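Written below as structure tokens is the structure these notes are about.
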Number of protein chains: 2
Amino acid sequence: MSQVVNLKSVKATCQSCSLSRLCLPRGLHDEELERLDRIVQRKRPLTKGEALFHVGQPFHSLFAVRSGSIKVVLPTSHGEEQIVGFHLPGELLGLDAMGHDAHHCTAIALETSSVCELPYHQMQELCKQIPSLNDQLMSLISDEIAGEHEMLLMLGKKTAEVRLAAFMANLSVRFHRRGFSSTEFNLPMSRHDIANYLGLAVETVSRLFTRFQEEGVIEVHRRLVQIRDRDRLWELAEMGGPQCPGVRADN
Amino acid sequence: MSQVVNLKSVKATCQSCSLSRLCLPRGLHDEELERLDRIVQRKRPLTKGEALFHVGQPFHSLFAVRSGSIKVVLPTSHGEEQIVGFHLPGELLGLDAMGHDAHHCTAIALETSSVCELPYHQMQELCKQIPSLNDQLMSLISDEIAGEHEMLLMLGKKTAEVRLAAFMANLSVRFHRRGFSSTEFNLPMSRHDIANYLGLAVETVSRLFTRFQEEGVIEVHRRLVQIRDRDRLWELAEMGGPQCPGVRADN
DNA sequence: CGGCCTATTGACGCTACTCAACATGAGTGG
DNA sequence: CCACTCATGTTGAGTAGCGTCAATAGGCCG
């Protein structure tokens with residue numbers, strides 16, 4: 001409150017952001033980046049459990065995760081919930097509300113997380129003026145759809161073992177792209193969240209984790225995961241084939 | 001080939017299309033409609049089983065279903081397939097490839113079907129010039145994402161009975177919006193397709209159909225469906241609650 | 001009419017859920 | 001610092017829902 005004068009010095013910019021390779025800035029040159037920066041609003045960090053938006057709330061902005069992680073949840077008529085995605089830094093939130101006036105899902109921080117707010121109307125204007133920004137937005141949108149297709153395949157056809165293995169493999173790749181270790185990371189979400197997301201019972205997830213450990217595939221202690229045998233994990237996830245589900249070409 | 005002179009007389013236009021209320025033309029006025037019409041390419045109808053595009057093929061156009069129905073399929077490494085959607089007239093295809101150079105899924109006609117081709121680059125240009133076209137495209141995109149979220153919920157949390165009931169209810173609503181009866185319609189897809197889409201075995205679908213019949217909820221003969229007790233069907237589909245999953249506000 | 005594909009029905013078994021007890025760690029207050 | 005409580009995670013036993021396998025019935029087309 002009293003430090004307004006300091007804000008400028010700590011202000012993050014798209015130019016300086018390490019995620020620009022994954023996020024909207026991808027493919028933009030300096031002048032364009034500055035224009036994007038001008039509409040981006042960096043918000044105060046969310047604390048664990050805090051909602052970025054709730055289902056039904058008016059939609060006026062997209063959000064990009066800057067740090068931390070956020071789960072996206074669909075409430076059901078019967079009080080249950082379905083987690084439809086976990087978003088890591090560089091990924092967009094709120095795409096499913098574009099062109100509508102209310103959010104269709106709820107976004108909740110899994111840990112202390114910061115996001116960039118992108119007022120939708122200003123984004124639209126900027127997309128008109130900067131073709132490569134529009135391209136990148138469309139690319140991220142289609143990734144979202146494609147990713148959900150892969151998830152439908154998971155839930156429709158795969159066993160619990162394959163689902164969990166693929167989930168771990170997917171996290172490994174996504175963390176790696178963000179500059180973290182691909183073999184050792186902390187799960188941002190609880191067992192309950194994992195189970196919910198994968199359409200399984202918590203107990204099943206727990207049992208599978210211990211089985212994976214017994215087989216020397218991964219080591220799990222509470223939320224710390226260490227991947228011991230990457231090849232075997234990929235096999236379990238059925239990701240050795242022609243294309244790698246859940247993983248778009250590297251970038 | 002020899003009838004070029006006749007083409008104009010039979011040429012369908014977005015202005016004359018009964019689907020404009022659901023499809024891209026929604027919200028456009030006459031002059032804008034004409035400009036959209038100028039980039040739309042009406043293609044020869046697809047025959048049953050014919051592919052509109054295959055996974056891996058270069059992407060350069062979106063498609064809108066004009067008549068018939070089309071299934072969208074994801075192939076897996078193990079030769080299986082997962083159907084990720086059935087598209088009825090007025091719905092778009094290919095959204096998951098925007099911003100990429102290749103299709104991510106395969107689209108196959110379930111019956112004789114015609115589509116409108118929308119060259120993507122021209123669409124982009126037109127979206128810049130016609131804000132309400134851009135709005136409608138974004139709206140359709142977000143509907144696609146939201147619909148897939150609902151489907152994740154189905155596959156993640158719902159029993160076979162609820163899935164099939166919700167599927168029938170969903171079809172009923174979608175046919176109704178297209179001017180068909182909401183209580184009597186022909187399934188465009190086989191039992192095998194339904195089972196695949198819902199993540200079930202064909203036998204389970206068959207058994208549920210007979211159970212629904214015994215309970216007087218629906219009548220099914222081969223592909224003809226008659227809904228006898230709409231309220232009970234909605235109950236079975238768990239669609240009586242606060243909001244109706246799978247069904248956006250009417251339009 | 002015969003062959004083929006789709007759909008139905010039945011018997012059986014397995015995967016993963018439910019219920020329940022227990023373990024572990026985190027946070028709190030004395 | 002320790003005892004207490006609560007949240008989170010693990011493990012076990014029993015079971016149900018749904019998949020698999022197999023046989024049969026019904027439509028469609030040449």
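As the structure is a prediction and not an experimental result, all values here were calculated from the model. Residue numbers start from 1 in every chain, and the chains themselves are labelled A, B, ... in the order their sequence lines are given, proteins ahead of strands.
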Next on the checklist: Taking the nucleotide of DNA chain C with the nearest heavy atom to each, does A:Glu203 or A:Ala160 sit closer to the 5' end?
Outcome noted: A:Ala160
Checklist entry - What about A:Arg223: does its side chain form a donor-acceptor pair under 3.5 Å with the base of D:dG9? => result no
Checklist entry - Roughly, in whole Å, what's the span from NZ in A:Lys158 to P in D:dG19? => result 16 Å
Checklist entry - Just wondering, do B:Leu88 and B:Val65 contact through their side chains at under 4.5 Å, heavy atoms? => result no
Next on the checklist: OP1 or OP2 of C:dT9 versus the side-chain N and O atoms of B:Ser206: is any pair under 4.0 Å?
Outcome noted: no
Checklist entry - Taking the side chain as C-beta and beyond, is there a heavy-atom pair between A:Met154 and B:Leu155 under 4.5 Å? => result no
Item to check | Atom pair distance, as rounded to whole Å: NE2 in B:His192 and C1' in C:dT8 | outcome: 16 Å
Item to check | Rounded interatomic separation in angstrom, taking CZ from B:Arg191 and P from D:dG27 | outcome: 12 Å
Item to check | Test of ring centre spacing under 6.0 Å for B:Phe180 and B:Phe185 | outcome: no
Checklist entry - How long is the line joining NE2 of A:His221 and C1' of C:dG25, in whole Å? => result 14 Å
Checklist entry - Separation of B:Glu161 atom CD from D:dG17 atom C1', in whole Å? => result 12 Å
Item to check | Interatomic distance, B:Arg163 CZ vs D:dG19 C1' [rounded to whole Å] | outcome: 12 Å
Item to check | Side-chain N,O (B:Thr204) to OP1/OP2 (D:dG19) below 4.0 Å | outcome: yes
Item to check | Nearest-angstrom distance from the residue atom CZ of A:Arg207 to P of D:dA13 | outcome: 11 Å
Item to check | OP1 or OP2 of D:dT8 under 4.0 Å from side-chain N/O of A:Arg222 | outcome: no
Checklist outcome for this item: To the nearest angstrom, the CG-P distance between A:Leu200 and D:dC18 comes to 15 Å
Checklist entry - Going through the distances and angles, do B:Arg44 and B:Glu50 end up as a salt bridge (charged side-chain N to carboxylate O under 4.0 Å, His left out)? => result CA-CA 12 Å; B:Arg44 99 179 141 64; B:Glu50 196 178 348; 2.7 Å; yes
